[in-house]
There are 2 protein chains.
Amino acid sequence: MGESMVLDVARLRRGCAQCSLQQLCLPAGIGAQDLQRLDEIVRRRRPVERGERLFRPGDALSAVYVARDGAFKTVSISEDGEEQVVGFHLPGELIGLDALGAGEHRCEAVALTIANVCEVPFDLLAEVASQLPSLQQQLLRVIGQSVGRDQDHLGMLVRRQANERIALFLHGLAERFRNIGESGTQFKLPMSREDIARYLGLALETVSRGFTRLQDDGVIAVVGRRVEILDAEELACLAHGGDSDEAAERRSRRA
Amino acid sequence: MGESMVLDVARLRRGCAQCSLQQLCLPAGIGAQDLQRLDEIVRRRRPVERGERLFRPGDALSAVYVARDGAFKTVSISEDGEEQVVGFHLPGELIGLDALGAGEHRCEAVALTIANVCEVPFDLLAEVASQLPSLQQQLLRVIGQSVGRDQDHLGMLVRRQANERIALFLHGLAERFRNIGESGTQFKLPMSREDIARYLGLALETVSRGFTRLQDDGVIAVVGRRVEILDAEELACLAHGGDSDEAAERRSRRA
DNA sequence: CGCAGAGTTGATACCAGTCAACAAAAGTGG
DNA sequence: CCACTTTTGTTGACTGGTATCAACTCTGCG
């Protein structure tokens with residue numbers, strides 16, 4: 001038992017080369033020697049508590065972050081104090097790019113769970129990237145993926161009604177869980193109904209009703225934050241605006 | 001007269017160093033010799049016609065584009081054929097970053113007016129950027145600004161009602177016109193009501209009604225696509241969710 | 001001049017926000 | 001470990017903003 005503890009600590013220390021997220025994160029597609037250069041500039045933080053912030057609006061861009069586990073949300077606060085959830089971040093997804101434009105953060109990044117984070121000082125990252133074409137390429141790709149998620153988010157909000165947004169949200173989240181090697185059919189939501197509502201641009205009551213409805217239709221099973229996807233096909237269909245006969249039938253059977 | 005023609009042509013050929021957009025576009029903050037390296041890889045296209053496309057969904061990322069004049073929209077087409085306007089692009093704003101993530105474009109870029117475009121082959125850009133830290137930095141900044149605009153777009157859509165969205169849209173557009181040295185109080189919209197509707201996630205009738213209402217309240221004057229902002233302060237106020245007494249009063253006076 | 005596309009305006013229906021009460025879960029302290 | 005508080009989630013009734021359908025007008029253009 002003492003020995004396995006030692007091994008675990010050693011693994012934590014060994015950094016990017018052993019990280020399970022290697023293929024998703026900055027190291028993807030980088031050779032062994034080069035990987036070491038990246039690894040040297042990555043600072044591993046102590047675990048952050050739920051509710052802790054990585055940065056706040058106005059903070060200078062000093063580093064970008066990647067969660068090794070846990071989850072984060074980024075929130076932008078409008079002048080009237082309304083909080084808009086800009087994105088959720090699962091392990092391997094870069095956090096902090098919102099500061100690229102102006103050099104200071106527009107959002108705050110809040111931990112939704114206890115989490116371990118890799119902190120990558122931005123100036124060093126830029127420096128190393130300019131020396132390693134493969135890292136530069138991967139950096140641009142990761143930034144691009146983040147832009148892509150933002151666009152998906154946009155598509156989720158515009159001209160879609162509440163039930164569609166919710167289906168799309170669950171569908172997308174399931175896919176992201178699968179990508180990082182977790183179950184895409186059974187998971188615990190790291191965020192509250194309110195967070196989801198602020199992400200989807202809905203009232204929290206509407207989100208709650210949407211979940212219930214999906215459950216009534218036999219598409220998912222929900223207990224609090226535990227979600228099981230029972231009919232992934234139907235969920236995908238709802239996400240793309242279709243309301244299949246299947247669901248209609250199930251509803252009528254109950255009535 | 002012949003002489004001035006020659007001068008004009010020469011100026012067009014002289015490229016980035018003489019471009020009025022220098023401070024907004026990729027060259028910003030780059031030294032004279034380095035600028036030449038960037039200039040050498042930029043291809044100047046013949047003018048593109050209104051309705052012409054720079055790229056389509058699925059096209060490989062071969063270049064990024066910057067309009068020297070005119071305007072573009074980027075449109076993402078969902079599987080059910082619905083067109084969502086992802087962004088409008090004025091001169092100096094990078095077009096084509098949507099392909100960074102997957103290496104192929106997710107959107108199509110359509111010219112809203114006749115326009116001149118600089119085309120920057122992406123592989124060459126990446127190569128030169130890795131050799132010129134100042135260009136790399138500027139590239140990241142321009143990308144960041146684009147991310148910032150996307151986030152503004154998001155904030156424009158979520159939990160804001162129609163009139164707010166429209167006010168915010170006009171307010172933001174005016175600011176962008178000012179940034180490129182054009183009038184921020186009087187301009188011609190390069191896009192149709194339908195484009196605006198698809199950008200704001202509204203029905204086109206709602207956009208039309210919104211414009212009329214702003215006009216009735218004395219905030220703007222609209223004739224077709226010509227817009228004049230009469231009360232910028234009030235517009236800013238409406239954009240941030242306030243419905244001032246001023247406007248209410250004007251409305252009651254009419255009634 | 002006449003046509004097609006773009007924009008405006010009106011009437012109606014419905015989705016989702018709001019207010020309110022309640023239920024369940026998660027902390028908290030004795 | 002249990003009672004208490006607080007937070008989080010669910011459900012119902014009502015209202016209002018916006019989409020939709022439809023008719024009409026205006027503008028630019030061949």
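Computation of the quantities below employed the complete heavy-atom set of this structure, encompassing side-chain atoms and omitting hydrogens, waters and symmetry-equivalent molecules. Letters go in sequence order (proteins before strands), and every chain restarts at 1.
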Could you tell me the separation between the [atom1] atom of [X] and the [atom2] atom of [N], rounded to a whole number of Å?
X: B:Gln161; N: D:dT15; atom1: CD; atom2: C1'; value: 13 Å
X: B:Phe211; N: D:dT18; atom1: CZ; atom2: C1'; value: 17 Å
X: A:Arg198; N: D:dT8; atom1: CZ; atom2: P; value: 11 Å
X: B:Asn163; N: D:dG17; atom1: CG; atom2: P; value: 10 Å

For [X], which residues count as a side chain to side chain donor-acceptor pair (under 3.5 Å) partner, sequence neighbours excluded?
X: A:Gln151; value: B:Arg106
X: B:His89; value: B:Thr74
X: B:Thr185; value: B:Ser183
X: B:Thr113; value: none

field: Test salt bridge (Lys or Arg N to Asp or Glu O under 4.0 Å) applied to A:Arg43 - qualifying residues, sequence neighbours left out
entry: A:Glu119
- request: Just jot down the salt bridge (Lys or Arg N to Asp or Glu O under 4.0 Å) partners of A:Glu52, sequence neighbours excluded, or say none.
  value: A:Arg46
task: Please list all pairs passing the salt bridge (charged side-chain N to carboxylate O under 4.0 Å, His left out) test where one or both residues lie in residues 170-183 of chain A, with sequence neighbours left out.
output: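 As it turns out, the salt bridge (charged side-chain N to carboxylate O under 4.0 Å, His left out) pairs with a partner in residues 170-183 of chain A, which skip direct neighbours, are A:Glu93-A:Arg176.
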message: Can you pull out every salt bridge (charged side-chain N to carboxylate O under 4.0 Å, His left out) where at least one residue sits in residues 195-204 of chain A? Sequence neighbours excluded, please.
response: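 Only A:Lys73-A:Asp195, A:Glu194-A:Arg198 qualify under salt bridge (charged side-chain N to carboxylate O under 4.0 Å, His left out).
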query: Reading nucleotides 19-30 of chain D 5' to 3', which nucleotides get B (base under 4.0 Å from a protein heavy atom), which S (sugar-phosphate only), which -?
result: SBBB--------
Leading and trailing nucleotides of DNA chain C with any atom under 4.0 Å from heavy atoms of chain B: C:dG7 to C:dT18
task: Please round to the nearest 0.5 Å and tell me the distance separating atom CD of B:Glu164 and atom CG of B:Leu238.
output: 8.5 Å
field: Interatomic distance, A:Phe72 atom CZ to A:Phe88 atom CZ [nearest 0.5 angstrom]
entry: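 These two atoms lie 13.5 Å from each other.
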- request: Would you classify B:Arg226 as touching base, sugar-phosphate or nothing, given that sugar-phosphate means primed atoms plus P, OP1 and OP2, and contacts are heavy atoms under 4.0 Å?
  value: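 Result for B:Arg226 = nothing.
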query: With a 4.0 Å cut-off on heavy atoms, is B:Ser208 in touch with a base, just the backbone sugar-phosphate, or nothing at all?
result: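 Contact class for B:Ser208: base.
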Hey, can you pull the donor-acceptor pairs under 3.5 Å for the side chains in residues 218-229 of chain B, sequence neighbours left out?
unit_1: B:Arg225; atom_1: NH1; unit_2: B:Pro190; atom_2: O; d: 3.4

- prompt: Over its full length, what angle do the end axes of the helix from C:dC1-D:dG30 to C:dG30-D:dC1 make, each axis taken from five pairs and the result rounded to 10 degrees?
  reply: 50°
